[in-house]
Amino acid sequence: VQERVNSSQKLFLVVRRGAPFFKLLTLWQREVNSNSAEYALRVCYHGEEGIDSGAIGKQFLTQMIQGIGSTMFPAGGPMNSTYHIQNGHFRACGQIAAVSLAQGGPAPCFLEECVYNLLVKPEVDVKNLSAESHLTAADQSIINQIREDVTPHQEMIIEHGYTGNIDQEHVDDIVQSIIISIVTRQVVIMKEFMEGLHLYGLAKIVLSNPEVCKPLFVKAAGAQDQVDANYLFSLVQPMYSTPGSSRRQVEESIMDHLQDFLISLED
């Protein structure tokens, strides 16, 4: 896919550092509607000097992939939102994932395996769905709570389209109805995400080689981000004063002390 990037043209974005995720996503959609997402990405952070030769674009892609994982696919599954389907947000997330893979950004490893399976094989038999095979860990937790007591979850049960009796005697019917609702919703969303992956022919590659591509989209079993001093400090985005000012020197000194403090906690 790297070889299919059109480096003769540029997809140029001007963004503000620290802007909300959906603001950045909207700017992305606007620019892609005017140009091709297959162009080489170049990013300018407003108010900052420097010409992007690719590194700033990779920084932007890293920020966006993290935002997609935490906002659009929390806990490994897609957010339950027809609004984001309607506005093309899930499709835009697929485009960003494709651009990130093609242009040196991080892999979009934010899906649970069951969700990835729906991405590569959306045809499902609704009569043979199970929580263990087709739901994320977060959704399975909700199902277990409903099995224990349906009473506190009546509103959610109705929202998922169940129209039968809501009581403990019908808990199996309730659970199966919710599983069908969750999976069919995710199928629609993952089809939108896959539409975004058509950039560079990536969707065809994923569908032809699902097992090979799985590590690009699914976090390895048992793997998790290591929360250490480096990880915590990397999340901090200070808003410094003007370079060369006395306030800037104090602020940078404070950040140095903060990093030392985090390292001392780890040690």
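Hydrogens, waters and symmetry mates are skipped; everything else that's a heavy atom, side chains included, is used.
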Sole residue of L197, L207, L216 in side chain to side chain contact (heavy atoms under 4.5 Å, CB included) with L202: L197
Approximate separation, where rounding is to 0.5 Å, of E113 CD and H134 NE2: 11.5 Å
For the NZ atom on K191, are there more than 12 heavy atoms of other groups (residues, nucleotides or ligands in this structure) within a distance under 6.0 Å? no
Between H160 and I180, does the side chain to side chain contact (heavy atoms under 4.5 Å, CB included) criterion hold? Intermediate values first, please. CA-CA 9 Å; H160 277 286; I180 292 173; over 6 Å; no
Below 4.5 Å, heavy atoms only, C-beta onward: do H153 and I174 meet side chain to side chain? no
Do I178 and Y162 make a side-chain contact, defined as non-hydrogen atoms from C-beta onward lying under 4.5 Å apart? no
Would R17 and Y45 count as a cation-pi pair here, with the cationic atom under 6.0 angstrom from the ring centre and within 45° of the axis? yes
Heavy atoms of other groups near Q86 CD, more than 12 under 6.0 Å: yes
Is the closest side-chain donor-acceptor distance between S36 and Q9 under 3.5 Å? no
Whether over 12 other heavy atoms sit under 6.0 Å from F22 CZ: yes
Can you check whether L11 reaches R42 side chain to side chain, under 4.5 Å on heavy atoms? no
Hey, does V99 have a side-chain heavy atom less than 4.5 Å from the side chain of M64? no
Of all the heavy-atom pairs spanning R16 and P20, show the shortest one and how long it is. NH2-CD, 3.6 Å
Determine, stepwise, if the pair M156 / I142 fulfils side chain to side chain contact (heavy atoms under 4.5 Å, CB included). CA-CA 10 Å; M156 188 196 74; I142 295 175; 3.7 Å; yes
Please report whether the ring centroid of F193 lies less than 6.0 Å from that of F73. yes
Quick one: do I158 and I166 satisfy side chain to side chain contact (heavy atoms under 4.5 Å, CB included)? Show the steps, please. CA-CA 9 Å; I158 294 173; I166 301 179; 3.8 Å; yes
Measuring only between side-chain heavy atoms, which start at C-beta, is V1 closer than 4.5 Å to E38? no
Heavy-atom side-chain contact between H46 and V15 under 4.5 Å: no
What I'd like to find out is whether the side chain of C109 reaches to under 4.5 Å of the side chain of F217, using heavy atoms alone. no
Side chain to side chain contact (heavy atoms under 4.5 Å, CB included) assessment of Q29 paired with E31: CA-CA 6 Å; Q29 288 180 292; E31 195 62 32; over 6 Å; no
Flag the pair F90 / M190 as yes when at least one side-chain heavy-atom distance between them is below 4.5 Å, and no otherwise. no
In this structure, are over 12 heavy atoms from other groups packed under 6.0 Å from E48 atom CD? yes
Could you report the tightest heavy-atom contact between Q249 and G244, atom names first, then the distance? NE2-O, 4.3 Å
Ring center gap for H89 and F21 short of 6.0 angstrom: no
